[in-house]
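Scroll down for the structure; my scribbles are underneath it.
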Amino acid sequence: MRHATQLHGSYHWEKALRDVVGPEALLTDPEKLMVYECDAYTLEKKLPQAVVLPGSADEAAQVIKICHEHQLPLIPRGAGTSLSGAVLAVDGGITICLSRMQKILEVDQENGRALVEAGCVNAWISREVESLGLFYAPDPSSQFACTIGGNVATNSGGPHTLKYGVTTNHVLGFEMILSDGEKIWLGTPLDGGEDHEGLDLRGVAIGSEGMFGLVTEVLVKLTPKPECLQTFLGVFETVESASRTVSDIIKAGIVPGALEMMDQLITQAIEEAYHFGFPLDAGALLIIELDGPEAGMENQVAMIEAICRQNRAREIRRAQSEEERVQLWKCRKRAFGAIGRISPNYLTQDGVVPRSKLPEIMNFIQACSKRVNLRIPNVFHAGDGNIHPLILFDEREPDQVKRAIQAGEDILEKCLELGGSVSGEHGIGVEKVDFMVKQFTPSDLKAMIDVRAVFDPKQRCNPHKMFPTSKRCIDFNVRKQAPA
């Protein structure tokens, strides 16, 4: 790896970085760098030139100043749970991993907020404030591993975003270090004052996938825990009847805390792994969770049960205890992990369709599965129309890799055709850059690129992500078209 970095004066920047963070927090050995060669999107891998693990925002700012001085690309990284290659070092550079910056710095119960470092794991916030009757609402399925900085980067969602919204609805402000090392604060000031007048730059930067700068501290909004929770498992013979149930619940004016769907193949994998007691012969399962005041809750329960029966649910189970409810959600959120029992590899897609189009996209996915001769189980946020088909393949078989990529592209094309989007929460990263020109007009893309240039004129923050760049497109297309 050393010979590849000499053009950047590696000795000088390595020594400078080591002086800032210490020898244990600078990784340059290729074997250690392999841990950082990709995220959960494993089809594309590239070693960074070095990995730096700063212990504070001040250290991170010094690291970025050194990268600026030596014109080195910098790649922000959290837990590496992202699913679109968002932290891939496409053209080398310095990966800045914030896993050491994981503190909850302050909990402000009176104002319902908390200040956390960007490397803080999502689930730790709710655990910290549970005794205060509060929680942090965005709950990605990877919430026991993913970090708040990464959530900000991709505007992460989760099962409960149907009612509570995504990351941008629960982040009040954050500190970000620009590509020259300057620190800025976007959003609600820490002193408790009102937001600054003018453009909502906080909202603009959320979802920018690390291309504006490095987020180091985040002020999150805390939500009071609901007074009452009622959680159901609806068992259906077909995906179509489960999908109609989703639409009918929303049309009835009920906004559940969550509406999640699992098809038969994913249910079988989950049951084999976790033994919850799911029926293995059901075409689809719905997890429906109501939350809110206890007054009036039973009326909503009755409406939910009636809607399920109208759509021919063969069984409706209500969680009989908090423990049973927690176990049900654990199974749902560990669904991706269960896939390891039935396939060596999988490619997860993240398209969005209108809720009314769920039966159509599910039928398309089933037909796509037959066409490419690969299994595609489904588990997804049905209430949002945010699908997560998992295309199963073996990366040791080049033809299977090619077919898996093709299946993923076909599914995203269909999402656009149905009036949807190519991503709901996983981001664009390197995986979906080709789709940006299909979803957005040239003027749309130019506007986005111009905004990025305001924050990072040299485009050194997480380069070759999201926007179709010549290097990225050429490399990707060559790989896709390589003979099996």
Side-chain angles (χ1 to χ4, degrees), residues 141-142 159 230-249 256 258-289 304-305 307-349 358-383 386-394 400 404 407 411:
S141 294
S142 59
Q230 294 292 339
T231 308
F232 304 86
L233 182 68
V235 182
F236 297 85
E237 296 294 341
T238 66
V239 168
E240 287 80 6
S241 58
S243 298
R244 284 196 303 271
T245 302
V246 171
S247 294
D248 288 348
I249 288 172
L259 263 175
E260 298 289 293
M261 191 185 302
M262 303 185 292
D263 71 4
Q264 185 177 45
L265 186 52
I266 194 71
T267 300
Q268 291 172 346
I270 293 171
E271 181 61 20
E272 182 180 345
Y274 309 125
H275 314 294
F276 180 80
F278 293 120
L280 300 179
D281 60 340
L285 302 181
L286 271 185
I287 301 176
I288 308 165
E289 183 158 279
I304 291 288
E305 291 177 339
I307 291 170
C308 288
R309 291 193 187 97
Q310 288 167 10
N311 286 290
R312 301 182 179 179
R314 78 180 197 202
E315 185 181 358
I316 308 166
R317 303 181 191 175
R318 196 196 304 201
Q320 297 302 305
S321 65
E322 176 64 12
E323 181 182 3
E324 186 176 346
R325 173 188 167 272
V326 169
Q327 285 302 118
L328 176 59
W329 279 115
K330 277 186 178 179
C331 289
R332 160 61 187 94
K333 293 194 173 186
R334 293 157 67 188
F336 286 13
I339 290 297
R341 290 176 171 266
I342 61 175
S343 176
N345 303 96
Y346 64 84
L347 173 63
T348 308
Q349 277 305 347
L358 281 174
E360 191 169 343
I361 192 64
M362 294 303 289
N363 286 335
F364 179 86
I365 291 171
Q366 185 177 28
C368 181
S369 174
K370 293 178 180 177
R371 184 170 64 253
V372 300
N373 193 28
L374 295 172
R375 293 174 295 171
I376 308 180
N378 293 271
V379 53
F380 56 97
H381 311 315
N386 185 189
I387 63 171
H388 293 319
L390 292 94
I391 304 158
L392 311 186
F393 68 99
D394 187 338
Q400 286 195 30
I411 291 168

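What you see below is based on every heavy atom in this structure, not just the backbone, and it leaves out hydrogens, waters and symmetry mates.
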Donor-acceptor pairs under 3.5 angstrom involving side-chain atoms of residues 364-376: please list them, not counting sequence neighbours.
residue, atom, partner, partner atom, Å
S369, OG, L374, O, 2.5
R371, NH2, D410, OD2, 3.2
R375, NH2, I342, O, 2.7

Worksheet item: From R341 CZ over to E271 CD, what is the distance, rounded to the nearest 0.5 angstrom?
Response: 11.0 Å
Discussion item. Would you compute the distance between atom CZ of F336 and atom OG1 of T348 and round it to the nearest 0.5 angstrom?
Written reply: 4.5 Å
Worksheet item: Around atom CD of E323, are there more than 12 heavy atoms of other residues, nucleotides or ligands at under 6.0 Å?
Response: no
[X] side chain to [Y] main-chain N or O, any donor-acceptor pair under 3.5 Å?
X: Q268; Y: L280; result: yes
X: S343; Y: I339; result: no
X: D263; Y: N378; result: yes
X: Y274; Y: R334; result: yes
X: Q349; Y: L390; result: no
X: E315; Y: V235; result: no

Does the side chain of [Y] come within less than 4.5 Å of [X]'s, by heavy atoms?
X: P279; Y: L285; result: yes
X: C308; Y: I288; result: yes
X: I387; Y: L358; result: yes
X: R314; Y: D281; result: yes
X: N345; Y: D394; result: yes
X: T231; Y: E324; result: no

Worksheet item: Can E260 and H381 be counted as having a side-chain donor-acceptor contact under 3.5 angstrom?
Response: yes
Worksheet item: Can the ring centroids of F278 and F276 be said to lie less than 6.0 angstrom from one another?
Response: yes
Discussion item. With a 4.0 Å cut-off on N to O distance, would you call R312 and E237 a salt bridge?
Written reply: no
Worksheet, complete the sentence: The side chain to side chain donor-acceptor pair (under 3.5 Å) partners of Q230 (sequence neighbours excluded) come to R318
